[in-house]
Structures are given as C-alpha cells and as structure tokens.
Amino acid sequence: MKEFDYSAVPHYKFYRFATTVFGPLFKRIYHITYKGLENIPENKKYIVAINHTCALDPVFVALADGIPALHFMAKTELFENPVVAWIITHLYGFPVKRGQGDTTAVDYAKKIIAEDHVLAICPEGKRIKDKNGVPQKAKAGVALISRDTGADILPVAICCKNKIVKGEHVTVCFGKPIKAESLGIDENSSREEIKDAANVVMERITEMRESELSGD
C-alpha cells in the first residue's frame, strides 16, 4: 500500500468532477431526500458527524446542495487496493487505523479544520451491520477534535427503513450545529468525559433518525 501523505491537505479536481457527474445518478438510485439544509453553517470551521450505516454514507452527505467538499476518515484496509486507494484519496478520504489510537490521522484531521476545510467523521468508528441500523456508542474522536480545534459539530442522520441498497429511499437529515463549547470539555477532561461528550453528538443523531423514521 502506498503511504498516504499526511504532510499537507491536497486539492483535487476529481472530487468536483465525480460529485457533478455521478451525483445525479446516485440520487436517483437511492431516491435521496435532503432535509435541514438550512442548518449547514456558512463558515467552514465545523465537523460533519454522520451515523455509519453503509460505505456510501459520506457520499450521500457530500451530494447535498450547499455542502463544501468533505474530507473524511476511512479505514486503512480500504487503501490496500491501489485503484480503490486512488479513488478514495482523490475524493479526500484519508486512512485511519481503527482501535489503535491513530494520532497521525487525528492530527491530519485537525490540520484539515485549521486550513478551513470541512472534516466528516462517523463517531461510531465502524459501520453498523446489524442492530437494525440503530446508531451505537461513539468513540472519543469527534469530541476530541472539536475540543482541540474549536470546531462546531454538524450532526447528520442517514435514515432508511431497511438495509440501504439500490431502490431504497434514503433521507439525509441535517440537524442544528452543536457548539464546541457546549460539550463542556477542555484539556483537563478525562477520557471518559470526552467519550460522554462524543455520545451527546450520537444521541442527537439518533434522535433525528428516530424522528424521521417515525414520521414525527
């Protein structure tokens, strides 16, 4: 696997090409509906937090009107195939070693925000393959990055009544941003306090998902 260059945040023309050319097709295949687009911040100092239902979650969000280009974390295993690695990298994905406290990926995520790009992250850390798609507990990462950068968090719920496959109706709900200071953590906060703050984000996403699926 070619080593990912964490030294600088790149700019690729492929991202805009892919979303423009293939975006309409994806929207038709998955019957995507967007709600809450007015909640997308005008500034770029924020983190997009998404429940992880399938491999296409960042794509669904990236195709929303008014959302800037998203730089997203992806498991390092996806970068083992050189062709897949090229595509993901040019769509602004970057590898993270799950469950290993990957400080290199976290530092790169902070660099993304510092340079006025938008970071996308799935707080659960992995795709939820069972449990009826119900969002699960968050890892500490989203709260840690928010604390260290001062970036607000834009909660996004991917909603589908069934497993997400071609022909299913997917609704992408954008919630009101969660202010970084409202998480109540600082450099003296314990790991558990940071994880609790991350779960505040997941609770918001879960509430949005349940509300959408129940028709409220």
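Under the 4.5 Å side-chain heavy-atom criterion for grouping Ile, Leu, Val, Met, Phe, Trp and Tyr, Met208 is not connected to Met202 through any hydrophobic cluster. Ile158 and Val165 sit in two unconnected hydrophobic clusters of ILVMFWY residues. Membership requires side-chain heavy atoms under 4.5 Å apart, directly or through other members. Both Phe22 and Val83 are assigned to one and the same hydrophobic cluster, defined by single-linkage of ILVMFWY side chains at heavy-atom distances under 4.5 Å. Transitive grouping of hydrophobic side chains (ILVMFWY, heavy atoms separated by less than 4.5 Å) brings Leu154 and Val172 into a common cluster.
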Trace of the side chain to side chain contact (heavy atoms under 4.5 Å, CB included) decision for Arg204 with Val201:
CA-CA 5 Å; Arg204 180 76 63 82; Val201 178; 5.8 Å; no
Might you work through the side chain to side chain contact (heavy atoms under 4.5 Å, CB included) test for Ile50 and Val48, ending with a clear yes or no?
CA-CA 6 Å; Ile50 316 165; Val48 176; 3.7 Å; yes
Should Asp196 and Ile185 be marked as a side chain to side chain contact (heavy atoms under 4.5 Å, CB included) after you check the CA-CA gap, both sets of side-chain angles, and the distance that decides it?
CA-CA 10 Å; Asp196 288 343; Ile185 53 175; over 6 Å; no
Please walk me through it: do Tyr34 and Lys27 pass side chain to side chain contact (heavy atoms under 4.5 Å, CB included)?
CA-CA 10 Å; Tyr34 293 96; Lys27 289 180 179 179; 4.0 Å; yes
Ring pair (Phe, Tyr, Trp, His ring centres under 6.0 Å) for Tyr12 and Trp86? Distances and angles first, verdict last.
CA-CA 11 Å; Tyr12 297 120; Trp86 188 94; 7.7 Å; no
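The CG atom of Leu37 sits 8.5 Å away from the CG atom of Asn39 when rounded to the nearest 0.5 Å. Summarising the geometry, atom OG1 belonging to Thr89 is positioned 11.0 Å from atom CZ belonging to Phe14; distances are rounded to the nearest 0.5 Å. Atom CD1 in Ile47 sits 10.5 Å away from atom NZ in Lys110 (nearest 0.5 Å). A distance of 9.0 Å separates CD in Glu187 from CG in Asp148, rounded to the nearest 0.5 Å. Once rounded to the nearest 0.5 Å, the distance linking CG of Leu213 with SG of Cys159 reads 5.0 Å. The distance from atom SG of Cys160 to atom CZ of Arg209, rounded to the nearest 0.5 Å, is 9.0 Å.
The ring pair (Phe, Tyr, Trp, His ring centres under 6.0 Å) test applied to Phe17 returns no partner, not counting sequence neighbours.
In this structure, Val118 and Ile112 have side chains that are not in contact, with every pair of non-hydrogen atoms separated by 4.5 Å or more. By the 4.5 Å heavy-atom criterion applied to side chains, Asp152 and Ser146 are not counted as neighbours. Between Phe4 and Thr76 there is no side-chain heavy-atom pair separated by less than 4.5 Å. Contact check for Leu63 versus Phe26: side-chain heavy atoms found under the 4.5 Å cut-off. By the 4.5 Å heavy-atom criterion applied to side chains, Val156 and Ile205 are not counted as neighbours. Inter-residue side-chain proximity for Ile88 and Phe72 is flagged as met; some heavy-atom pair is nearer than 4.5 Å. The side-chain heavy atoms of Tyr92 and His11, taken from C-beta on, include a pair separated by under 4.5 Å. The shortest distance between side-chain heavy atoms of Ser189 and Ile194 falls below 4.5 Å.
With respect to Lys35 and Glu212, a salt bridge is recorded, a charged nitrogen being found less than 4.0 Å from a carboxylate O.
For the pair Ala109 and Met73, the tightest heavy-atom approach, listed with the atom from each and the gap, is CB-CE, 4.0 Å. Looking at every heavy atom in both residues, Tyr108 comes nearest to Pro10 through OH-CD, 3.3 Å. Scanning all heavy atoms of the two residues, the minimum distance from Ala138 to Lys195 falls at O-CE, 4.1 Å. Nearest heavy-atom pair, Ser182 versus Ile178, reported as atom, atom and distance to 0.1 Å: OG-CG2, 3.5 Å. In plain terms, the two heavy atoms of Glu124 and Asn51 that are nearest each other are OE1-CA, 3.4 Å. Smallest separation of non-hydrogen atoms from Lys111 and Ala8: CD-CA, 4.4 Å.
More than 12 heavy atoms of other residues, nucleotides or ligands shown are found within 6.0 angstrom of CG on Asn43.
Ring-plane geometry between Tyr6 and Phe94 is classed as perpendicular, the angle between the planes exceeding 60 degrees on a 0 to 90 degree scale with a lower cut at 30. Note on ring orientation: taking the six-membered ring where Trp is involved, the planes of Tyr30 and Phe60 are perpendicular (angle over 60°, cut-offs 30° and 60°).
Asp107 and Thr103 share no donor-acceptor pair across their side chains, judged by distance under 3.5 Å alone.
A donor-acceptor pair under 3.5 Å is formed between the side chain of Thr19 and the backbone N or O of Tyr15. Under the 3.5 Å distance criterion, the side-chain polar atoms of Glu193 are matched with a main-chain donor or acceptor of Ser190. Arg147 places a side-chain N or O within donor-acceptor distance of the main-chain N or O of Asp186, the cut-off being under 3.5 Å.
A side-chain contact (heavy atoms from CB on, under 4.5 Å) with Tyr46 is found for exactly one of Thr149, Ile40, Ile113, namely Ile40.
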